[in-house]
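These notes concern the structure reproduced below.
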Amino acid sequence: MHKKHVLSVHRLPRPYRLGLAVLWFAPVIIFFGLLVMRWGLSATLLDLRLLLPLLLMALPAWYVWQEGVDVLPDGIVRRMHIQRYYAYDDLDHWDYDSHPERRTLTVWDAQRRKVLEYRTGHLTDWPALRRALDDHVRPGTDPKY
C-alpha cells in the first residue's frame with residue numbers, strides 16, 4: 001500500500017504471533033491432511049469448492065500475522081482490519097494509559113476519531129513507537145476525548 005521506508009515495525013511479539021497464526025491455520029492443515037490421507041493427492045483437491053472455504057478459514061491466521069503498526073518517516077500505517085496510512089499532520093494527539101491493568105496507547109486524529117488503540121504489551125518495541133509519537137504528535141490527555 002504505502003511504499004516508503006519503514007523505520008520500525010510493531011507487532012505482537014513473534015512467539016505469540018506465530019502461535020496464534022498456527023492455531024488459526026491448524027484446522028486447514030488437519031482438514032486438508034485428512035483429505036489427502038483418505039483420497040490421496042489428486043486433481044479433485046484443486047476444486048474451488050474445496051479451496052475457497054480453506055482459504056477463508058486461513059484468513060484469521062493471515063490477519064493475526066500482519067496486524068500491528070508501522071512507523072514511517074512521515075506517518076504511521078495501522079495494520080488492523082484494513083491497512084491504513086495516517087500522516088503525522090493528520091494526527092491530533094496521543095495518550096498512554098499507564099494503569100497496570102490497562103497500559104493502553106490511544107491515538108486520535110484531527111476529527112477526534114480514534115485512529116489507533118493498542119495494549120502496549122501487544123506491541124514489540126513500545127519505547128521506539130513512543131519516541132516516534134513524541135517526535136511528531138503532541139502527547140497529552142484532553143477531557144473531551
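Numbers here are sequence positions counted from 1.
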>> Apply side-chain contact (heavy atoms from CB on, under 4.5 Å) to residues Gln111 and Asp109 and explain how you reach the verdict.
In response: CA-CA 5 Å; Gln111 287 78 36; Asp109 66 5; 3.5 Å; yes

>> Taking salt bridge (Lys or Arg N to Asp or Glu O under 4.0 Å) as the cut-off, I'd like each qualifying pair that reaches into residues 127-136, sequence neighbours left out, listed once.
In response: none

>> Determine whether Leu56 and Leu59 satisfy the following criterion, side-chain contact (heavy atoms from CB on, under 4.5 Å), listing intermediate values before the conclusion.
In response: CA-CA 5 Å; Leu56 288 174; Leu59 279 178; 3.8 Å; yes

> Do Tyr85 and Asp74 meet the criterion of a side-chain donor-acceptor pair at a distance under 3.5 Å?
Replying inline: yes

>> Do Val6 and Val77 sit in one hydrophobic cluster, given that two such residues count as connected whenever their side-chain heavy atoms are within less than 4.5 Å of each other, even indirectly?
In response: yes

>> What verdict does the side-chain contact (heavy atoms from CB on, under 4.5 Å) test give for Val69 and Tyr118, after you've listed the backbone C-alpha separation in whole Å, the side-chain angles of each residue and the deciding distance to 0.1 Å?
In response: CA-CA 10 Å; Val69 180; Tyr118 261 109; 3.7 Å; yes

> Any idea which heavy atoms bring Thr120 and Tyr96 closest together, and the distance?
Replying inline: CG2-CE1, 3.4 Å

>> Between Asp97 and Arg103, does any side-chain N to carboxylate O distance fall below 4.0 Å?
In response: no

> With sequence neighbours excluded, what pairs up with Asp89 under the salt bridge (Lys or Arg N to Asp or Glu O under 4.0 Å) test?
Replying inline: none

> Can you find a pair of side-chain heavy atoms, one from Ile76 and one from Leu91, that are under 4.5 Å apart?
Replying inline: yes

> What residues form a ring-ring contact (aromatic ring centres under 6.0 Å, His included) with His10, not counting sequence neighbours?
Replying inline: none

> What pair of heavy atoms forms the shortest contact from Leu116 to Met80, and how long is it?
Replying inline: CD1-SD, 4.2 Å

>> Restricting to non-hydrogen atoms, name the atom on Trp94 and the atom on Leu105 that form the minimum distance, rounded to 0.1 Å.
In response: CE3-CD1, 3.7 Å

> Shared ILVMFWY cluster between Met57 and Val64, side chains joined below 4.5 angstrom?
Replying inline: no

>> Determine whether Leu7 and Leu72 satisfy the following criterion, side-chain contact (heavy atoms from CB on, under 4.5 Å), listing intermediate values before the conclusion.
In response: CA-CA 5 Å; Leu7 298 177; Leu72 306 174; 5.8 Å; no

>> Does Asp92 form a salt bridge (Lys or Arg N to Asp or Glu O under 4.0 Å) with Arg138? I'd like the steps, not just the answer.
In response: CA-CA 7 Å; Asp92 185 52; Arg138 101 181 143 86; 3.1 Å; yes

> Which pair of heavy atoms, one from Leu129 and one from Val71, lies closest together, and at what distance?
Replying inline: CD1-CG2, 3.5 Å

> With sequence neighbours left out, what residues match Tyr86 under ring-ring contact (aromatic ring centres under 6.0 Å, His included)?
Replying inline: none

>> Quick one: does any side-chain atom of Thr44 pair with a main-chain N or O of Ser42 as donor and acceptor, under 3.5 Å?
In response: no

> Please, which pairs that meet salt bridge (Lys or Arg N to Asp or Glu O under 4.0 Å) have at least one residue in residues 59-71, sequence neighbours excluded?
Replying inline: Arg11-Asp70, Asp70-Arg79

>> As an exercise, state the distance from CD1 of Ile82 to CZ of Arg78, rounded to the nearest 0.5 Å.
In response: 8.0 Å

Could you go through residues 12-41 and list every donor-acceptor pair under 3.5 Å that involves a side-chain atom there, pairing it with any protein atom two or more places apart or in another chain?
residue: Arg17; atom: NE; partner: Leu12; partner atom: O; Å: 3.4
residue: Arg17; atom: NH1; partner: Trp65; partner atom: O; Å: 2.8

